[in-house]
Amino acid sequence: MTTMTETSARFREFKMPDVGEGLTEAEILKWFVQPGDTVTDGQVVCEVETAKAAVELPIPFDGVVHELRFPEGTTVDVGQVIIAIDVAPGSGDAPAPSAAAPAQEPVEASEAEAEPKGRTPVLVGYGVAESSTKRRPRKGAAAAPEAAAVAAAVQAELNGHGASAPAPAATAPAGAPAGGRPLAKPPVRKLAKDLGIDLATVVPTGKDGIITREDVHAAAAPAAAEAPAAVASPAAPEAPAAALPAAVSDSARETRIPVKGVRKAIAQAMVGSAFTAPHVTEFVTVDVTRTMKLVAELKEDKDMAGVRVNPLLVIAKALLVAIKRNPEVNAAWDEANQEIVQKHYVNLGIAAATPRGLIVPNIKDAHDKTLPQLAEALGELVTTARDGKTSPAAMAGGTVTITNVGVFGVDTGTPILNPGESAILAVGAIRLQPWVHKGKVKPRQVTTLALSFDHRLVDGELGSKVLADVAAILEQPKRLITWA
């Protein structure tokens, strides 16, 4: 898809590209530039979130930012112009490019007066001062005249019962840059947005005047406590309950979080997987004392220097060996052609919890990697996921997945298959438990494994063999050598 258009010899427009595979829209998370900023070819100008991941968009030419077509927080269709660039600044007056997409909503006079002149330094890596963020209204979401009248009546009643008038604009809290936006990291900004808290009213307690999550929660608590109750006046006619607008609901009792982007895609995928693939889950509890000793030894091995060694590494290798011994488990169901597609490679998915929800990036061709190579790939995958930089390509093409619920202290679970995959292994917490070892009860390191599989592809015998092989390897890690 073409993501750039020429509107004249001077101005060029950059369109929202399809950064995934057939995606139709993306949300602008934040702008890294503002009108008047100079940009160069390849410079990242904004970050967007698709149904698969957060992606940074580079501009493909040099120039000066003329116009940002959408504010942060707006969902934009693929192909719409999001930014206009003056590629020949200083060449005299020229007509600005016509807006191919809706421009930003007008700013109120009070907001315009408060807008700082020029750029305001903010946290390194989090862009520059942002404009007012308003979402594109949902189709068909315009309120009917009757609903508007009810909302006005309810608000009048609230005001009549002591509801305070809108407070004057708050002064910048200590530590916030004068005339600019308060300092806060993106996850904190998202939390404030979800809770309906204006960061300009939050008093920062973090280093260098940075607003923390605790600061936002502290600001939300009194706001919720002071919210007026929606009590009808005895003199006013009682409105039907269904007609009351959502705006007067008790905000102290519930929080509504929009389902979009990665979280929306996950929800749809899990529902599709759960009600399409017939799931079967089997469990086994295993003594992993020798595996834990191996992990301790590998941490001291010079060949493993510079990489992270943990039980998940050995478990991943054990699953790869089990798949090699039972290759039929590594398959996919082709509904259109009514075929089972055997995979002769393993793209090993690792479920990772991130601020944007659960994602499953995968290690490409994990079956070909040595233990040090697998450790390095696992480390890079986890770091990238935690930083929110996982690309759509990194999450595509998985064949089998591991989910480590043990890190949360959970013993086991019944994991749902990642769509398009045949099996997923859940690893529970490793605990010191009494165990019969060599005829005597001794304290041993024990965990529970759970393997869910698509029963269209994997029958009970095959699933049992795979799970038993993984357990056998973790009980006797020397089988990594004898079975490899």
Side-chain angles (χ1 to χ4, degrees), residues 21-22 51-52 259 262-286 312 315-316 318-353 357-364 366-367 392 395-406 408 410-428 447-474:
E21 299 174 355
K52 295 184 177 181
V259 179
V262 175
R263 191 178 298 274
K264 180 178 181 180
I266 292 169
Q268 293 173 340
M270 290 300 97
V271 170
S273 175
F275 293 98
T276 301
H279 284 56
V280 173
T281 305
E282 294 187 340
F283 309 88
V284 64
T285 302
V286 57
L312 181 61
I315 294 169
L319 179 58
L320 291 171
V321 172
I323 292 173
K324 182 178 180 181
R325 287 167 54 85
N326 305 276
E328 297 87 356
V329 76
N330 191 41
W333 182 270
D334 185 342
E335 179 66 26
N337 296 312
Q338 290 295 294
E339 294 175 341
I340 295 176
V341 182
Q342 292 283 342
K343 305 293 179 69
H344 304 300
Y345 59 90
V346 181
N347 289 346
L348 182 62
I350 304 294
L358 183 71
I359 63 173
V360 188
N362 60 77
I363 300 172
K364 309 299 183 187
H367 64 289
M395 293 185 283
T399 61
V400 176
T401 290
I402 295 177
T403 178
N404 185 10
V405 298
F408 305 107
V410 175
D411 291 330
T412 189
T414 54
I416 297 177
L417 292 166
N418 204 31
E421 299 183 9
S422 58
I424 179 171
L425 178 70
V427 181
T447 191
T448 299
L449 307 174
L451 183 72
S452 291
F453 49 87
D454 186 340
H455 216 345
R456 297 172 300 179
L457 303 162
V458 182
D459 59 22
E461 179 184 11
L462 177 57
S464 299
K465 285 182 177 179
V466 172
L467 186 58
D469 280 357
V470 174
I473 294 171
L474 296 181

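In this chain, numbering begins with 1 at the start of the sequence shown.
For Thr281, the side chain to side chain donor-acceptor pair (under 3.5 Å) partners two or more places apart in sequence, or in a different chain, are Ser452. Checked against salt bridge (charged side-chain N to carboxylate O under 4.0 Å, His left out), Asp459 has no partners two or more places apart in sequence or in another chain. Lys364 meets the side chain to side chain contact (heavy atoms under 4.5 Å, CB included) test with Asn347, Asn362; sequence neighbours excluded. With sequence neighbours excluded, the residues forming a side chain to side chain donor-acceptor pair (under 3.5 Å) with Glu282 are Ser464, listed by chain and number. Applying the side chain to side chain contact (heavy atoms under 4.5 Å, CB included) criterion to Val321, with sequence neighbours excluded, gives Arg325, Ile473, Leu480, Trp483. With sequence neighbours left out, the side chain to side chain contact (heavy atoms under 4.5 Å, CB included) criterion links Lys324 to no other residue.
When every heavy atom of Thr403 is checked against every heavy atom of Pro415, the shortest pair comes out as CG2-CB, 4.0 Å. Nearest heavy atom pair, residue Gly463 against residue Val458, reads N-CG1, 3.4 Å. Closest heavy-atom contact between Ala332 and Gly420: CB-O, 3.6 Å. Contact detail for Val284 and Ala471: the closest heavy-atom pair is CG1-CB, 4.0 Å. Residues Ser422 and Val400 share a closest heavy-atom pair of OG-CG2, 4.3 Å. The minimum heavy-atom distance between Thr447 and Gly428, with the atom names listed, is OG1-O, 2.9 Å.
For the pair Leu425 and Leu467, the minimum side-chain heavy-atom distance is below 4.5 Å. Between Phe453 and Val329, the closest side-chain pair of non-hydrogen atoms is not below 4.5 Å. Put simply, the side chain of Ile323 does not reach to within 4.5 Å of the side chain of Leu348, judged on heavy atoms.
A donor-acceptor pair is defined here as one N or O able to donate and one able to accept, closer than 3.5 Å; no such pair exists between the side chain of Asn418 and the backbone of Glu421. A donor-acceptor pair is defined here as one N or O able to donate and one able to accept, closer than 3.5 Å; no such pair exists between the side chain of His455 and the backbone of Val280. Between the side chain of Thr448 and the backbone N or O of Thr285 there is no donor-acceptor pair closer than 3.5 Å.
Between Thr414 atom OG1 and Leu451 atom CG the span is 12.0 Å, to the nearest 0.5 Å. Interatomic distance, Ile350 CD1 to Ile402 CD1, rounded to the nearest 0.5 Å: 4.5 Å. Remark: Leu449 CG to Thr412 OG1 distance equals 7.5 Å, nearest 0.5 Å. Interatomic distance, Trp333 CH2 to Glu339 CD, rounded to the nearest 0.5 Å: 10.0 Å. Glu328 CD to Lys465 NZ: the interatomic distance, rounded to the nearest 0.5 Å, is 8.0 Å. Remark: Arg456 CZ to His279 NE2 distance equals 9.5 Å, nearest 0.5 Å.
With no hydrogens or angles considered, a side-chain donor-acceptor pair links Thr399 and Asn330 at under 3.5 Å.
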